[in-house]
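Working notes, beginning with the structure itself.
All values reported here derive from a predicted model rather than from experimental measurement.
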Amino acid sequence: MTAILGAAFLSGTVLAAGQGIAHSTDHGHEHSHAHEHDHQHGQDAVYRGHFDEAQVQSRELTDWEGDWQSVYPLLKDGTLAPVMAHKAKKGEKTAEQYAEYYEIGYRTDVERIVIKEGRVTFYRDGGALSGHYVDDGHEILTYKAGNRGVRYIFRKASGDSEAPAYIQFSDHAIAPTDAGHFHLYWGDDRARLLDEVTNWPTYYPSVLSGGEILEEMLAH
């Protein structure tokens, strides 16, 4: 049983806050552009973890409602190799080093998650665990790079005993919006989850093919 998941059925690691979740960037140019460009710039800044606390709003579990697939198998089978090569062109690591980094980040044996009407169901090796989760607030985290992120937290109110007591979403957004993908942290210790910085299982809609997910990642 992993301390992160708090249940023998669920295993996976939960990532380092700030690694792979939000990235620092330089926003030193003039803010004298058109409104639409300013809006897009603001969205980009938020995505990279630069925002004011006053901008942060509460969110409901419906923002993540849907049927979601883990991207870990796509990393393992080589589908996401072009993403690692793309990162290597801009970053400080080789494609192989990025692959190793994301292998730890994406790692999980929960291959599918379904969220519907407040119920979250975790699928692993043909079995499932589920619970009904309620809002437990959010936390703003500051990372070593100086950027920040928001964890939206939900607490299990009922359900299978081995389902995690807490789930925490990170999807780069800081206000109500339908998620396009998300990083998920889960376990029985709310505070400890906030300290997790090495493993962030990541999920995209199950309706997307591997190629479509690749395109989404390359676009960002």
Side-chain angles (χ1 to χ4, degrees), residues 4 14-66 68 71 87 90-91 105 113 115-120 131-157 164-205 216-217 219-220:
I4 294 173
V14 184
L15 217 175
Q19 294 184 356
I21 295 178
H23 305 278
S24 61
T25 187
D26 180 17
H27 292 275
H29 63 271
E30 293 293 329
H31 292 272
S32 58
H33 309 289
H35 174 73
E36 286 187 7
H37 184 83
D38 286 345
H39 180 66
Q40 182 61 48
H41 172 83
Q43 289 179 325
D44 290 345
V46 169
Y47 188 90
R48 289 168 174 77
H50 297 274
F51 54 84
D52 296 325
E53 289 191 17
Q55 295 176 263
V56 180
Q57 300 177 32
S58 298
R59 298 172 67 184
E60 297 183 2
L61 190 56
T62 50
D63 278 6
W64 299 277
E65 192 161 285
W68 305 88
V71 299
K87 289 182 179 295
K90 296 182 178 181
I113 294 175
I115 303 172
K116 184 177 181 180
E117 297 178 348
R119 181 163 292 276
V120 180
H132 185 271
Y133 290 82
V134 296
D135 180 43
D136 198 51
H138 60 266
E139 301 286 347
I140 300 173
L141 305 181
T142 299
Y143 308 133
K144 291 182 178 179
N147 55 323
R148 300 193 293 180
V150 180
R151 295 274 188 93
Y152 287 94
I153 305 169
F154 296 84
R155 172 180 54 82
K156 184 175 68 176
Y166 294 94
I167 55 176
Q168 300 182 358
F169 292 90
S170 174
D171 62 1
H172 312 281
I174 61 173
T177 187
D178 291 336
H181 76 278
F182 59 83
H183 310 287
L184 190 65
Y185 306 74
W186 61 82
D188 292 338
D189 189 323
R190 186 184 191 278
R192 183 174 181 182
L193 285 176
L194 295 173
D195 292 331
E196 290 296 344
V197 293
T198 55
N199 168 242
W200 16 270
T202 301
Y203 296 84
Y204 275 73
E216 290 273 338
M217 289 187 173
H220 290 87

Please assess Tyr203 against Ile115 for the test side-chain contact (heavy atoms from CB on, under 4.5 Å), listing each intermediate value before the final yes or no. CA-CA 12 Å; Tyr203 296 84; Ile115 303 172; over 6 Å; no

Where do Glu53 and Arg148 land on the side-chain contact (heavy atoms from CB on, under 4.5 Å) test, with the steps shown first? CA-CA 10 Å; Glu53 289 191 17; Arg148 300 193 293 180; 3.4 Å; yes

Show, in sequence, the C-alpha distance, side-chain angles and deciding distance for His181 and Val71, and conclude whether the side-chain contact (heavy atoms from CB on, under 4.5 Å) test is met. CA-CA 10 Å; His181 76 278; Val71 299; over 6 Å; no

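Considering CD of Gln57 and CD1 of Ile174, their distance stands at 8.0 Å, rounded to 0.5 Å. For the atom pair Glu65 CD and Thr62 OG1, the distance stands at 6.5 Å (nearest 0.5 Å). Within the model, atoms OG1 of Thr202 and CZ of Phe182 stand 9.0 Å from one another, a figure rounded to the nearest 0.5 Å.
A donor-acceptor distance shorter than 3.5 angstrom exists from the side chain of Asp63 to the backbone of Thr177, with no hydrogens or angles considered. A donor-acceptor distance shorter than 3.5 angstrom exists from the side chain of Arg151 to the backbone of Leu193, with no hydrogens or angles considered. Although no hydrogens or angles enter the test, the distance criterion places no donor-acceptor pair under 3.5 Å between the side chain of Arg190 and the main chain of Ile153. At distances below 3.5 Å, not a single donor-acceptor pair connects side-chain atoms of Glu139 with backbone N or O atoms of Ala191.
Residues His132 and Val134 have side chains in contact (heavy-atom distance under 4.5 Å, counting atoms from C-beta outward). By the 4.5 Å heavy-atom criterion applied to side chains, Phe51 and Ile140 are counted as neighbours. Between Asp171 and Arg59 there is a side-chain heavy-atom pair separated by less than 4.5 Å.
For Tyr133, there are no ring pair (Phe, Tyr, Trp, His ring centres under 6.0 Å) partners, not counting sequence neighbours. Partners of His138 by ring pair (Phe, Tyr, Trp, His ring centres under 6.0 Å), not counting sequence neighbours, listed by chain and number: Tyr152.
The heavy-atom pair separating Gly187 from Pro164 by the smallest distance is N-CB, 3.6 Å. Here the shortest heavy-atom pairing between Gly180 and Pro205 reads O-CD, 3.3 Å.
Between Phe154 and Trp64, the angle of the ring planes goes over 60°, which puts this pair in the perpendicular group of the 30/60° scheme.
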